[in-house]
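Inspection log for the structure reproduced underneath, given as structure tokens.
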Amino acid sequence: MERYRQTIIDAVKKLIPVDEIALTVPPGPEFGDFSIPCFPFAAVLRKSPAAIAADLKDKIGDLDFVDRIETVGGYLNFFLDRETVIRDTLNEIRSKGSSYGSSGRGRGKKALVEHTSINPNASPHVGRARNALIGDSIVRLLRFEGYDVCVHYFVNDVGKQIAMLVLGAEGREDVTFDDLLGIYVDINNRVKDDPDLEDRVFRLLNKLENGDSETIERFKRIVDICIKGQTRILGELGIKYDVFKHESDYVAGGITNEILRRLEATGRLERDSEGRLVLNLEGYNLPSRSPYVVLTRADGTSLYPLRDIAYSIDKVSTQSDVNIVVLGEDQKLYHQQVSAALDLLGYKAPVSVHYSFVLLPDGKMSTRQGNVVLLEDFMREAVAKAAEEMAKRHGDVHLDTARAVAYGAVKYAILKVANERNVTFDWGSALSFEGDTGPYLQYCHARINSILRRVGGELPSAVDFSVLGEDIEYELVKELAEFPSAVAKAVAEFSPHVVANSVYRVAKAFSTFYNQCPVLNADNPKVRDARLLLCASVKQVLGNGMSLLGIDPVESM
């Protein structure tokens, strides 16, 4: 539909000396497919909006895809030629197949996406999964557009939380990934009540940063156990990483000390009353309570912001056309501070994509307090619930199908919500085979598979598009035609929910079409052939959209 939009806008711009033309979708089909409100032109042309609309109707000329133009008050309404829209859209989908929806704007360009980067101190909980799912979908969107994407994971292997875990695991030779959460919660509670224990934590960090080999090996052992466990779980969801960058590399290589020297040269590096090195960021439009960012402890050991500045500079060196980092909304101020520090050093910060929380019915989760729902347990429960639901419908259940449905349900329930809004996860709605859910998309896809199997997967080579005359057929095609615009918007805004919402509208329109319009039992062969091609086009778009969300289509349900 974007081509039609732009052609109409260009035609009107030739007649009116304005920079912006608002092309809207009318509230109902009786007002056409597109509408231009002429009220903004009244001051320029010194005419009434109704008169302007009438003049434009007479002067705009013939557009080959427009059936007719009507005016209602100050609105200029365009009714597209249905056969043209249907023919253009279905032929384009058939021609482009799995690339339908891609503009190819990323070809020859590079992108760097950092996501997840959770502390390697325990198995990830469901709340942390939103970062990974959004990041993975953004990676898929960029690759779909043609970008050469490198996916980064920044490993916080020298922070206080890791030192606590190292101390908590002291004397234990058989530590497993499953042990880490319990060890972390226990040591966290003990440190709260024991200042001497906290001192031991800081002494460990000091020894680490000063290159003590035994301490380095102790940290490496714990971090490796955790990273392998975390990436195994995320890998089961189809989430992969290309590069793991460790904070310790920037410390051991002297890079953080070099950055401190460069910041000192700006005249903004100060030592506070506690003996810490802090960076004065006054003038950077930060909240008045936060003009300083702390870079080191009093003993000289580095803090996360200093190491993150070093890593961000490293990322800039890749000269990527797109450089983004996915962060929780509680990291907005922190990202502003790091961005200001980078600006002082002459670097442009990565673009941040912020997201809100995943909530369960009883509220927010905390790894420190131990009141979490682990992602691994959550995934296991999702598979069990999906298998139970499918058994009710079909009797037998294939585990691979149950897993695809379960993971798709979890992903869709999270990704369909705009990044800036909280997700409150509810099992009942997420696993439903009806409504705005992942299983609903997979079910529509499987239903079309069933139709196409009955004709041996063969599609007609030639189709008479004029026989697709039902209103719902046209409405369904328009949803298919909007998919490329949805992809473009999702990429521009780094917002996967735009794609999720688009494919849901396609699935919903298909369900209405399927209930109203016989396909295999159509009254004549021409209608049957045209509807078969329409069904195959819907399947293609659903498949493309689900792939961008990381959801596996299923052959049957």
Item to check | Partners passing ring pair (Phe, Tyr, Trp, His ring centres under 6.0 Å) against Tyr347 (at least two apart in sequence or in another chain) | outcome: none

Item to check | Set of ring pair (Phe, Tyr, Trp, His ring centres under 6.0 Å) partners for His445, sequence neighbours left out | outcome: none

Checklist entry - Looking at side-chain heavy atoms only, is the closest gap between Val499 and Phe483 below 4.5 Å? => result yes

Item to check | By side-chain contact (heavy atoms from CB on, under 4.5 Å) - contacts of His335 (at least two apart) | outcome: Val325, Leu327, Ser339, Ser352, His354

Item to check | Test log, rule side-chain contact (heavy atoms from CB on, under 4.5 Å), inputs Val491 and Phe144 | outcome: CA-CA 10 Å; Val491 172; Phe144 187 63; over 6 Å; no

Checklist entry - With distance as the sole criterion, is a donor-acceptor pair present between the side chains of Ser511 and Tyr440 under 3.5 Å? => result yes

Checklist entry - Do the side chains of Leu548 and Val503 get nearer than 4.5 Å, heavy atoms only? => result no

Checklist entry - Which residue pairs satisfy the ring pair (Phe, Tyr, Trp, His ring centres under 6.0 Å) criterion with at least one member in residues 193-234, sequence neighbours excluded? => result none

Checklist entry - Does the side-chain contact (heavy atoms from CB on, under 4.5 Å) test come out yes or no for Ile134 and Leu415, once each step is laid out? => result CA-CA 7 Å; Ile134 290 173; Leu415 292 175; 4.0 Å; yes

Next on the checklist: Could you walk me through whether Arg143 and Asp242 satisfy the salt bridge (charged side-chain N to carboxylate O under 4.0 Å, His left out) test, starting with their C-alpha distance in whole Å, then the side-chain angles of each, then the deciding distance to 0.1 Å, before giving a yes or no?
Outcome noted: CA-CA 14 Å; Arg143 284 178 175 154; Asp242 300 310; 3.3 Å; yes

Checklist entry - Side chains of Ser356 and Asn422: is there a donor and an acceptor less than 3.5 Å apart? => result yes

Checklist outcome for this item: When every non-hydrogen atom of Val294 is compared with those of Pro305, the smallest separation belongs to O-CG, 3.7 Å

Checklist entry - Would Phe433 and Met390 count as a side-chain contact (heavy atoms from CB on, under 4.5 Å) if you check the C-alpha gap in whole Å, the side-chain angles of each, and the deciding distance to 0.1 Å? => result CA-CA 10 Å; Phe433 283 64; Met390 293 173 69; 3.8 Å; yes

Item to check | Heavy-atom side-chain proximity of Ile118 to Tyr153 below 4.5 angstrom | outcome: yes

Item to check | Beyond-backbone contact of Leu234 with Asp136, side-chain heavy atoms, under 4.5 angstrom | outcome: no

Next on the checklist: I'd like to check the ring pair (Phe, Tyr, Trp, His ring centres under 6.0 Å) partners of Phe425; sequence neighbours left out, ordered by chain and number.
Outcome noted: Phe378, Trp427

Checklist entry - Listed by chain and number, what are the salt bridge (Lys or Arg N to Asp or Glu O under 4.0 Å) partners of Asp249, not counting sequence neighbours? => result none

Checklist entry - What is the distance from atom CG of Leu133 to atom NZ of Lys411, rounded to the nearest 0.5 Å? => result 6.5 Å

Checklist outcome for this item: Looking only at heavy atoms, the pair that brings Asp436 and Lys416 closest together is O-NZ, 2.9 Å

Item to check | Set of salt bridge (Lys or Arg N to Asp or Glu O under 4.0 Å) partners for Glu209, sequence neighbours left out | outcome: none

Checklist outcome for this item: So the side chain to side chain donor-acceptor pair (under 3.5 Å) pairs with at least one residue in residues 548-557 (sequence neighbours excluded) are Asn449-Glu555

Item to check | Between Ser320 and Asn323, a side-chain donor and acceptor under 3.5 Å | outcome: no

Checklist entry - How would you list, by chain and number, every residue that makes a side-chain contact (heavy atoms from CB on, under 4.5 Å) with Glu236, sequence neighbours excluded? => result Met379, Arg403, Tyr407

Checklist entry - Once you round to the nearest 0.5 Å, how far does CD1 of Ile233 lie from CG of Leu375? => result 6.5 Å

Item to check | Distance (rounded to the nearest 0.5 Å) between Ile414 CD1 and Leu549 CG | outcome: 12.0 Å

Checklist entry - Side chains of Pro120 and Ile225: does their closest heavy-atom pair fall under 4.5 Å? => result no

Next on the checklist: Are the side chains of Val397 and Thr401 in contact, using a 4.5 Å heavy-atom criterion?
Outcome noted: no

Checklist entry - Atom NE2 of His497 and atom NZ of Lys489: how far apart are they, to the nearest 0.5 Å? => result 7.0 Å

Next on the checklist: Checking Ser302 against Tyr250: is there a side-chain donor and acceptor pair closer than 3.5 Å?
Outcome noted: no

Item to check | Stepwise salt bridge (charged side-chain N to carboxylate O under 4.0 Å, His left out) check, Glu376 with Arg232 | outcome: CA-CA 10 Å; Glu376 189 169 25; Arg232 173 184 56 80; 3.0 Å; yes

Item to check | 4.5 Å side-chain heavy-atom contact, Pro291 and Leu286 | outcome: no

Next on the checklist: For Asp194 and Arg190: C-alpha separation, side-chain torsions, deciding distance, then whether salt bridge (charged side-chain N to carboxylate O under 4.0 Å, His left out) applies.
Outcome noted: CA-CA 6 Å; Asp194 188 345; Arg190 288 164 56 199; over 6 Å; no

Item to check | Results of salt bridge (Lys or Arg N to Asp or Glu O under 4.0 Å) for Glu170 - residues two or more places apart only | outcome: Arg200, Arg218

Item to check | Approximate separation, where rounding is to 0.5 Å, of Met164 CE and Ile162 CD1 | outcome: 10.0 Å

Checklist entry - Looking at CG of Leu306 and CG of Asn257, how far apart are the two atoms once the value is rounded to the nearest 0.5 Å? => result 8.0 Å

Next on the checklist: Applying ring pair (Phe, Tyr, Trp, His ring centres under 6.0 Å), can you list everything that pairs with Phe494, at least two apart in sequence or on another chain?
Outcome noted: none

Checklist entry - Is a side-chain donor-acceptor pair under 3.5 Å present for Thr266 with Arg268? => result no

Checklist entry - Hey, are the side chains of Val338 and Val293 touching, using non-hydrogen atoms and a 4.5 Å cut-off? => result no

Item to check | Any side-chain donor near an acceptor of the partner, Asp179 and Thr176, under 3.5 Å | outcome: yes

Checklist entry - Under the side-chain contact (heavy atoms from CB on, under 4.5 Å) criterion, do Glu258 and Ile255 qualify, and how do the steps go? => result CA-CA 5 Å; Glu258 173 60 25; Ile255 299 172; 5.5 Å; no

Next on the checklist: Just checking Glu381: does its CD atom have more than 12 heavy atoms from other residues, nucleotides or ligands closer to it than 6.0 angstrom?
Outcome noted: yes

Checklist outcome for this item: salt bridge (Lys or Arg N to Asp or Glu O under 4.0 Å) filter on Asp272, not counting sequence neighbours, yields Arg276

Checklist entry - Would the number of heavy atoms belonging to other residues, nucleotides or ligands and lying under 6.0 Å from CZ of Arg421 be above 12? => result no

Item to check | Nearest heavy-atom neighbours spanning Gly135 and Val326 | outcome: CA-CG2, 4.0 Å

Next on the checklist: Which residue is it: Val201, Val191, Ile222, Ile183? I am looking for the one with a side chain to side chain contact (heavy atoms under 4.5 Å, CB included) to Leu167.
Outcome noted: Val201

